[in-house]
Peer 1: 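Below is a structure I'd like to ask you about.
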Amino acid sequence: MSSTNLTRMRTLLSQGRFAEAELQARDILATSNNAYEAHALLGQFAARRGETALALYHLDRGTPPGEAPHPDLLAARGAALARAGQYELAAMQLTASIDGSSDPLGVLLRLGWVFERLDRFDDLRAILERADKLAAQLGQDISVRTAILKMRTDEWETALDILDRASSISGSDRLARGRLRDRAGRYDDAWGDFVAGKAEIAASEKLSYPAARLTAHHDRVIDIFSADFINALPRAPKNDRLPQPIFVTGPPRSGTTLFEQLISADQMVSARGELPFAFHLVQHISTQFGSYPDGLASLGNVTKDRLAVALRDLYSGLASADADTAQAPHFVDKMPFNEQFLPLLTMAFPESPFIVMTRHPLDVVVSMMSHHLTHGYNCALNPLDAAHHLAAIDRLTAHWEAAGGACCIVSHMSNWSPIQ
């Protein structure tokens with residue numbers, strides 16, 4: 001590794017030229033995988049983008065052997081774990097990072113969010129007291145942030161009063177205020193916040209939903225994945241040495257988290273949250289064979305057999321790299337809308353059950369509107385796009401079922417039988 005390259009990375013970072021600094025870090029790692037500072041930088045960038053597996057990969061390599069991780073790396077690791085729903089581990093990392101962090105107030109507020117997720121409200125109050133004192137010393141107003149963190153406590157009415165009086169409020173905060181207004185029975189005000197909040201988020205983050213392009217893609221998928229084609233797809237043999245996934249899918253806000261909590265109460269099943277690995281399978285096919293789904297249609301039987309094993313090993317490798325603790329024999333992947341990838345996941349894990357959670361679509365759309373979600377290609381930006389995507393995924397699921405049920409098991413919680 002050239003010291004000149006490292007110096008340039010630091011300079012770009014100090015100048016706020018983050019995209020260029022990230023590219024420089026990648027260039028450094030191309031010639032030296034032991035470039036700890038480059039790993040640390042890439043890990044922090046990935047954590048901010050919510051790329052959990054990538055963030056943890058780099059952050060775990062961002063400290064020289066024998067040295068204690070920098071508090072900012074611990075904070076980034078905690079943020080990544082929190083995004084993945086691994087709240088207990090996140091709380092440990094964030095707590096350890098407060099002293100010495102370059103942004104202790106941010107760490108305290110993030111830790112408060114984790115405690116709120118864990119229903120540890122006494123810990124939440126203690127952290128917010130520390131945050132209030134620090135914010136006063138720094139001359140910062142965190143009243144909106146603390147109000148949102150108190151939404152599920154017995155102080156929620158006070159929190160709503162603070163949010164009602166806020167002179168400036170972001171799109172995401174509007175969604176939070178809308179949920180409180182809904183709780184207070186102010187339904188018209190709540191819906192107004194949801195719609196306005198989503199519009200602001202879409203404008204500020206330049207987000208949109210590609211309805212026409214998605215419909216054309218689904219048309220092509222259905223055309224290629226005929227019943228005969230699906231049933232002729234090879235199945236990879238089970239790798240008994242590794243934990244096996246249980247796919248819990250369906251729209252966001254349909255009960256996937258509750259179902260994960262129920263089945264992971266058994267020590268044979270661990271909760272892993274929303275795992276994006278199915279997208280990596282599609283990317284692998286596109287990289288190796290030109291495109292998806294067209295590239296898959298042109299393969300011979302021998303190549304398909306090899307592909308089934310390759311998809312299994314790719315997914316299992318990503319799952320192993322993303323794991324922080326010893327795994328139970330089974331783990332839950334509850335990524336919403338994974339129904340669209342059921343044939344590929346069945347090729348890789350033919351013995352893994354698929355549970356497609358269902359809920360009234362109106363309930364799903366309203367709930368999706370009340371949260372900042374990026375699932376489904378940003379379909380939750382407005383109710384029409386959300387409804388379009390629910391219908392599009394239902395159409396695909398019906399197509400898989402019409403193939404004879406070989407690709408998916410659609411089950412409601414009432415008739416689910418746990419793995420023996």
Peer 1: Do Lys150 and Ile162 touch side chain to side chain, with heavy atoms closer than 4.5 Å?
Peer 2: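 With C-beta onward as the side chain, the pair stays apart.
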Peer 1: Write down the atom of Trp400, the atom of Gln340, and the distance for their closest heavy-atom approach.
Peer 2: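 So the two residues come closest at CZ2-O, 3.7 Å.
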Peer 1: Is a side-chain donor or acceptor of Arg117 paired with a backbone partner of Trp113 at a separation under 3.5 angstrom?
Peer 2: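 Flag not set: sc Arg117 to bb Trp113 has no pair under 3.5 Å.
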Peer 1: Shortest non-hydrogen contact from Leu149 to Leu124?
Peer 2: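 Taking every non-hydrogen atom into account, O-CD2, 3.3 Å.
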Peer 1: Any idea how Phe225 and Tyr292 line up, ring-wise: parallel (<30°), tilted (30 to 60°), or perpendicular (>60°)?
Peer 2: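 If you compare the ring of Phe225 with that of Tyr292, the planes turn out tilted.
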Peer 1: If you count the non-hydrogen atoms of other residues, nucleotides and ligands that lie under 6.0 Å from NZ in Lys238, is the total more than 12?
Peer 2: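 Result for NZ/Lys238: enclosed.
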Peer 1: Report yes or no: does Thr31 contribute a side-chain atom to a donor-acceptor pair with the main-chain N or O of Ile28 at less than 3.5 Å?
Peer 2: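 Yes: the side chain of Thr31 pairs with the backbone of Ile28.
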Peer 1: Main chain of Asp72, side chain of His70: is a donor-acceptor contact present, judged purely on distance under 3.5 Å?
Peer 2: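 Yes, His70 side chain to Asp72 backbone: donor-acceptor pair under 3.5 Å.
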Peer 1: Does the side chain of Ile127 reach to within under 4.5 Å of the side chain of Asp123, using non-hydrogen atoms?
Peer 2: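 No, their side chains stay 4.5 Å or more apart.
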Peer 1: Mind checking the CZ-CG spacing from Arg183 to Leu160? Nearest 0.5 Å is all I need.
Peer 2: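 One gets 10.0 Å once the value is rounded to the nearest 0.5 Å.
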Peer 1: Sub-3.5 Å donor-acceptor pair from the side chain of Glu351 to the main-chain atoms of Phe349, do we have one?
Peer 2: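 Between the backbone of Phe349 and the side chain of Glu351 there is no qualifying donor-acceptor contact (under 3.5 Å).
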Peer 1: Is Gln15 atom CD crowded by more than 12 heavy atoms from other residues, nucleotides or ligands, each under 6.0 Å away?
Peer 2: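 Yes, the 6.0 Å shell around CD holds more than 12 heavy atoms from other groups.
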Peer 1: Inspect the surroundings of CE in Met92 and state if more than 12 heavy atoms from other residues, nucleotides or ligands are less than 6.0 Å away.
Peer 2: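 Open: at most 12 neighbouring heavy atoms sit under 6.0 Å from CE of Met92.
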Peer 1: So does Arg272 get a backbone contact from the side chain of Glu260, meaning a donor-acceptor N/O pair under 3.5 Å?
Peer 2: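 Side chain of Glu260 to backbone of Arg272: a pair is present.
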Peer 1: Run Met369 and Val366 through side chain to side chain contact (heavy atoms under 4.5 Å, CB included) and show every step you take.
Peer 2: CA-CA 5 Å; Met369 284 294 293; Val366 171; 5.7 Å; no
Peer 1: Taking all non-hydrogen atoms of both residues into account, name the closest pair between Ser97 and Pro71 and its distance.
Peer 2: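 Closest approach of Ser97 to Pro71, heavy atoms only: CB-O, 3.2 Å.
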Peer 1: Ignoring hydrogens and angles, tell me if any N or O in the side chain of Gln86 forms a donor-acceptor pair with the backbone of Ala271 under 3.5 Å.
Peer 2: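 Judged by distance alone, no pair lies under 3.5 Å.
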Peer 1: Could you tell me whether a side-chain N or O of Gln44 sits under 3.5 Å from a main-chain N or O of Ala40, the two making a donor and an acceptor?
Peer 2: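 Yes; judged by distance alone, with no hydrogens or angles, the pair exists.
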Peer 1: Applying side chain to side chain contact (heavy atoms under 4.5 Å, CB included), run through Arg152 and Phe121 and close with a yes or a no.
Peer 2: CA-CA 9 Å; Arg152 293 197 303 125; Phe121 296 123; 4.1 Å; yes
Peer 1: Ignoring hydrogens and angles, tell me if any N or O in the side chain of Glu339 forms a donor-acceptor pair with the backbone of Phe337 under 3.5 Å.
Peer 2: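 Checked: pair present.
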Peer 1: Checking Arg110 side chain against Ala82 main chain: does a donor-acceptor pair fall under 3.5 Å?
Peer 2: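 Checked: no pair found.
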Peer 1: In Å, rounded to the nearest 0.5 Å, how long is the span from CD1 of Ile285 to CG of Leu311?
Peer 2: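 Rounded to the nearest 0.5 Å, the CD1-CG separation comes to 5.0 Å.
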Peer 1: Ser316 versus Asn239: any side-chain heavy-atom pair under 4.5 Å?
Peer 2: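 Result no, sub-4.5 Å side-chain heavy-atom pair not found.
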Peer 1: About how many Å separate OG of Ser352 and CD1 of Ile246, when rounded to the nearest 0.5 Å?
Peer 2: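 Answer rounded to 0.5 Å: 7.5 Å.
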Peer 1: Looking at Arg8, I'd like to know if its CZ atom is crowded, meaning that more than 12 non-hydrogen atoms belonging to other residues, nucleotides or ligands lie closer than 6.0 Å.
Peer 2: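 Incorrect, the count does not exceed 12.
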Peer 1: Kindly say whether Asn378 contributes a backbone atom to a donor-acceptor pair with the side chain of Asp385 at under 3.5 angstrom?
Peer 2: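 No; judged by distance alone, with no hydrogens or angles, the pair does not exist.
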Peer 1: Given Asp164 and Arg181, is the side chain to side chain contact (heavy atoms under 4.5 Å, CB included) satisfied, shown in steps?
Peer 2: CA-CA 9 Å; Asp164 277 336; Arg181 287 175 166 177; 2.8 Å; yes
Peer 1: Are the charged groups of Asp363 and Arg253 less than 4.0 angstrom apart, N to O?
Peer 2: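 Looking at Asp363 and Arg253, the cut-off is not met.
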Peer 1: Quick one, Met368 and Cys379 - any side-chain contact, counting heavy atoms below 4.5 Å?
Peer 2: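 Side chain of Met368 against side chain of Cys379, heavy atoms only: contact under 4.5 Å found.
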Peer 1: For the CG atom of Leu42 and the CD atom of Glu37, what is their distance to the nearest 0.5 Å?
Peer 2: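 The CG atom of Leu42 sits 11.0 Å away from the CD atom of Glu37.
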Peer 1: Grab the two heavy atoms, one from Ala38 and one from Met9, that are nearest each other, plus how far apart they are.
Peer 2: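 For Ala38 and Met9, the tightest heavy-atom pair comes out as CA-SD, 4.1 Å.
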Peer 1: Do Arg26 and Glu22 sit within salt-bridge range, that is, some charged N less than 4.0 Å from a carboxylate O?
Peer 2: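 Looking at Arg26 and Glu22, the cut-off is met.
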Peer 1: Sequence neighbours excluded, which residues qualify as side chain to side chain contact (heavy atoms under 4.5 Å, CB included) partners of Leu175?
Peer 2: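 Counting only residues at least two positions away or on another chain, Leu175 forms a side chain to side chain contact (heavy atoms under 4.5 Å, CB included) with Arg179, Phe194, Lys198, Ile201, His372.
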Peer 1: On the 0 to 90° scale, with breaks at 30° and 60°, tag the His388-Tyr209 ring pair as parallel, tilted or perpendicular.
Peer 2: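 Taking Tyr209 first and then His388, their aromatic rings stand perpendicular (interplane angle over 60°).
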Peer 1: Within a radius of less than 6.0 Å around CZ of Arg306, do more than 12 heavy atoms belonging to other residues, nucleotides or ligands occur?
Peer 2: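 Incorrect, the count does not exceed 12.
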Peer 1: Which label fits Tyr315 and Phe331: parallel for a plane angle under 30°, tilted from 30 to 60°, or perpendicular past 60°?
Peer 2: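 Ring orientation, 0 to 90° scale: parallel.
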Peer 1: For the atom pair CD (Glu274) and CE (Met335), what is the distance rounded to the nearest 0.5 Å?
Peer 2: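 Nearest 0.5 Å value for the CD-CE distance: 5.5 Å.
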Peer 1: Of all heavy-atom pairs between Tyr377 and His389, which one has the smallest distance, and what is that distance?
Peer 2: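 Result for this residue pair: CD1-CE1, 3.7 Å.
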Peer 1: With side chains defined as the heavy atoms from C-beta onward, is the minimum distance between Pro237 and Arg312 less than 4.5 Å?
Peer 2: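 A side-chain contact under 4.5 Å exists here.
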Peer 1: Any chance you could lay out the side chain to side chain contact (heavy atoms under 4.5 Å, CB included) test for Val332 and Ser270, step after step, and finish with the verdict?
Peer 2: CA-CA 6 Å; Val332 179; Ser270 62; over 6 Å; no
Peer 1: Could you tell me whether the side chain of Leu233 reaches within less than 4.5 Å of the side chain of Pro343, counting heavy atoms only?
Peer 2: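 SC-SC contact between Pro343 and Leu233 confirmed.
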Peer 1: Check whether any side-chain heavy atom of Gln244 lies under 4.5 Å from a side-chain heavy atom of Pro329, and answer yes or no.
Peer 2: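 A side-chain contact under 4.5 Å is absent here.
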Peer 1: Quick one: do Asp173 and Arg177 make a salt bridge, cutoff under 4.0 Å?
Peer 2: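 No salt bridge links Asp173 with Arg177.
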Peer 1: What distance separates Asp132 CG from Thr146 OG1, expressed to the nearest 0.5 Å?
Peer 2: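 Rounded to the nearest 0.5 Å, the CG-OG1 separation comes out at 5.5 Å.
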Peer 1: Kindly give the heavy-atom pair with the smallest separation between Leu74 and Pro69, and that separation in Å.
Peer 2: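 For Leu74 versus Pro69, the nearest heavy atoms are CD2-CB, 4.0 Å.
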Peer 1: Could you tell me whether Arg125 and Asp154 have a side-chain N and a carboxylate O separated by less than 4.0 Å?
Peer 2: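 Yes, Arg125 and Asp154 are salt-bridged.
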Peer 1: Can you find a heavy atom in the side chain of Asp60 that is under 4.5 Å from one in the side chain of His39?
Peer 2: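 They are not in contact (no side-chain heavy atoms under 4.5 Å apart), so the answer is no.
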